[in-house]
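Ligands are counted one by one from 1 in listed order, and the atoms in each one are counted from 1 as well. Only heavy atoms go into these numbers, but all of them, side chains included; no hydrogens, no water, no symmetry mates. Numbers here simply count residues along the sequence, with the first being 1.
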Amino acid sequence: MVSTSAVRVQGLWKRFGQQIAVAGIDLELPAGKFIGLVGPNGAGKTTTLSMVTGLLRPDQGTVEVVGHDVWRDPVAVKARIGVLPEGLRLFERLSGRELLSYSGRLRGLPGAEVDRRAMQLLDVLDLAGAQHKLVVDYSTGMRKKIGLAAALLHNPEVLFLDEPFEGVDPVSAQTIRGVLERYTASGATVVFSSHVMELVESLCDWVAVMAAGRIRAQGPLAEVRGEAPSLQQAFLELVGAQGRGAGADLDWLGGGAR
Ligand code: ATP
């Protein structure tokens, strides 16, 4: 089946008790793009990405990734995607190098090929010096990078990243960015979630804006930004948050009065 969409979501719902996390969203994400899923805290980004990558079963709705239904054909989908999930639960008692060897073998790659790719990824991500250190002793940024390496090792068609730059220093962020730009330039698709608008604006050519469990806008970056001077401004208008948080009610804060 030929599909120009990397991801197609229809009528997707997820409820946790009384809380509706994702309220019947439709999404169509084109292949070969650098795509940002943006929204404030609690918008439903992680819940959406978890359902799209087969980690969390939706209450209702369908998800197709590269033309395969995620919940009817999970093996076909999982072979074609890489995921850097929120929270990054990794095998802590393995070294970075061992983690990559294990991931590669799980993906069915021959040992020599796993070694070749692992060494290259460790070099590019500036982790070669820490390859024999246990993952439990890695810093936040190092964890993101080794998680990214594990997600890329089998050269997936679509890479899903939940907040890949959170807690990452500018040098590591630049390294991750370089790897992702190279990856999308070869025709692959990146979908990542973030609430940092400047980052999304500088990286993505396609964005989906989410708030309170709904998609407020989706399309090419320039189209979603519209006449607004920045994506941040367009985002604030879309989610109706202008003026909120200015602190007008916090009359006790500052000013010397205790
Ligand atoms: P953030 O940017 O803060 O990570 P998010 O956009 O990823 O936020 P989600 O983590 O998807 O948002 O959460 C959406 C809503 O669903 C929130 O109100 C959250 O409290 C709720 N929620 C998410 N997971 C669960 C869960 N396992 N049990 C109960 N409520 C949940």
Side-chain angles (χ1 to χ4, degrees), residues 6-29 34-63 65 70-71 77 81-90 140-141 143-145 147-148 151 158-169 172-173 176-177 180 189-204 206-219 221 224 230-242 244-245:
V7 177
R8 184 176 289 143
V9 167
Q10 282 179 318
L12 200 65
W13 283 89
K14 188 70 191 181
R15 183 192 286 269
F16 298 104
Q18 294 296 306
Q19 174 76 47
I20 297 175
V22 173
I25 63 169
D26 297 323
L27 266 180
E28 183 100 37
L29 306 179
F34 210 132
I35 297 162
L37 177 61
V38 298
N41 294 129
K45 303 181 297 294
T46 296
T47 308
T48 300
L49 286 184
S50 301
M51 291 192 283
V52 168
T53 54
L55 296 171
L56 179 70
R57 190 173 285 279
D59 293 338
Q60 217 174 299
T62 57
V63 185
V65 176
V70 173
W71 290 93
V77 170
I81 66 173
V83 184
L84 183 76
E86 195 199 35
L88 267 183
R89 281 176 292 269
L90 299 168
T140 306
R143 293 173 71 84
K144 294 268 183 193
K145 289 196 287 185
L148 177 65
V158 190
L159 183 64
F160 295 93
L161 311 163
D162 202 343
E163 304 278 2
F165 297 97
E166 206 163 63
V168 173
D169 71 70
S172 298
I176 292 178
R177 195 182 166 133
L180 296 180
T189 310
V190 170
V191 182
F192 81 99
S193 74
S194 179
H195 38 71
V196 185
M197 294 305 139
E198 294 80 7
L199 186 76
V200 171
E201 190 159 21
S202 69
L203 271 178
C204 297
W206 187 278
V207 290
V209 178
M210 194 166 192
R214 295 179 190 279
I215 298 294
R216 299 297 169 93
Q218 60 179 309
L221 174 69
V224 171
S230 65
L231 184 63
Q232 168 90 359
Q233 198 56 40
F235 173 80
L236 291 176
E237 283 166 23
L238 280 165
V239 305
Q242 274 174 319
R244 194 185 341 137

Q) Please state which protein non-hydrogen atom is closest to atom 3 (O) of ligand 1 and give its distance, to 0.1 Å? A) N41 ND2, 3.0 Å
Q) Which residue and non-hydrogen atom of the protein lie closest to atom 29 (C) of ligand 1, and at what distance in Å? A) F16 CB, 3.3 Å
Q | Nearest neighbour in protein (non-hydrogen) for atom 11 (O) of ligand 1 | A | T47 OG1, 2.5 Å
(Q) Can you report which non-hydrogen protein atom sits closest to atom 16 (O) of ligand 1, along with the distance? (A) A21 CB, 3.2 Å
(Q) Could you check whether any side-chain N or O of E28 sits under 3.5 Å from a backbone N or O of Q218, counting only pairs where one atom can act as donor and the other as acceptor? (A) no
Q: For H195, take its heavy atoms, then give the atoms of ligand 1 lying under 4.0 Å from any of them.
A: 2 (O)
Q. Can you tell me if K144 uses its side chain to pair, donor with acceptor, with the backbone of A173 under 3.5 Å?
A. no
Q. Atom 1 (P) of ligand 1: protein heavy atom closer than 4.0 Å?
A. yes
(Q) Under 4.0 Å from atom 26 (C) of ligand 1, can you find at least one protein heavy atom? (A) yes
Q.
With the threshold set at under 4.0 angstrom, would you say G39 reaches ligand 1 through any of its heavy atoms?
A. no
Q: Locate the shortest heavy-atom distance separating V158 from A6; write the atom from each residue and the value.
A: CG2-CB, 4.1 Å
**Q.** Nearest-contact summary for atom 12 (O) of ligand 1 - protein heavy atom, Å
**A.** G44 N, 3.1 Å
Q: Write down the atom of I25, the atom of G213, and the distance for their closest heavy-atom approach.
A: CG2-O, 3.3 Å
Q | Selection from P40, G42, S50 by shortest heavy-atom distance to atom 15 (C) of ligand 1 | A | G42
Q. Taking heavy atoms and a distance under 4.0 Å, where does Q19 meet ligand 1: side chain, backbone, both or neither?
A. side chain
**Q.** Nearest-0.5 Å distance, CZ of residue R177 to OG of residue S202
**A.** 4.0 Å
Q. For ligand 1, which part of S193 has a heavy atom less than 4.0 Å away: the side chain, the backbone, both, or neither?
A. neither
Q) Which one holds for M210 and ligand 1: side chain close, backbone close, both close, or neither close, with close meaning a heavy atom under 4.0 Å? A) neither
**Q.** Minimum-distance pair of heavy atoms, taken over all atoms of A212 and R216
**A.** CB-NH2, 4.1 Å
Q) Just which atoms of ligand 1 are under 4.0 Å from any heavy atom in A43? A) 5 (P), 6 (O), 12 (O)
Q) What protein heavy atom sits nearest atom 10 (O) of ligand 1, and how far off is it? A) T46 CB, 3.7 Å
(Q) Return the closest protein heavy atom for atom 4 (O) of ligand 1 as residue, atom name and distance. (A) E86 OE2, 3.7 Å
Q.
Minimum heavy-atom separation for G36 and V200, please, with both atom names.
A. CA-CG1, 4.3 Å
Q.
If we check side-chain contact (heavy atoms from CB on, under 4.5 Å) with V38, which of these qualifies: H195, Q232, M197?
A. M197
Q) When you measure from the side chain of K45 to the backbone N and O of L37, does any donor-acceptor pair fall under 3.5 Å? A) no
Q) Do you know which two heavy atoms are closest between L56 and W71, and how far apart they sit? A) O-CZ2, 2.9 Å
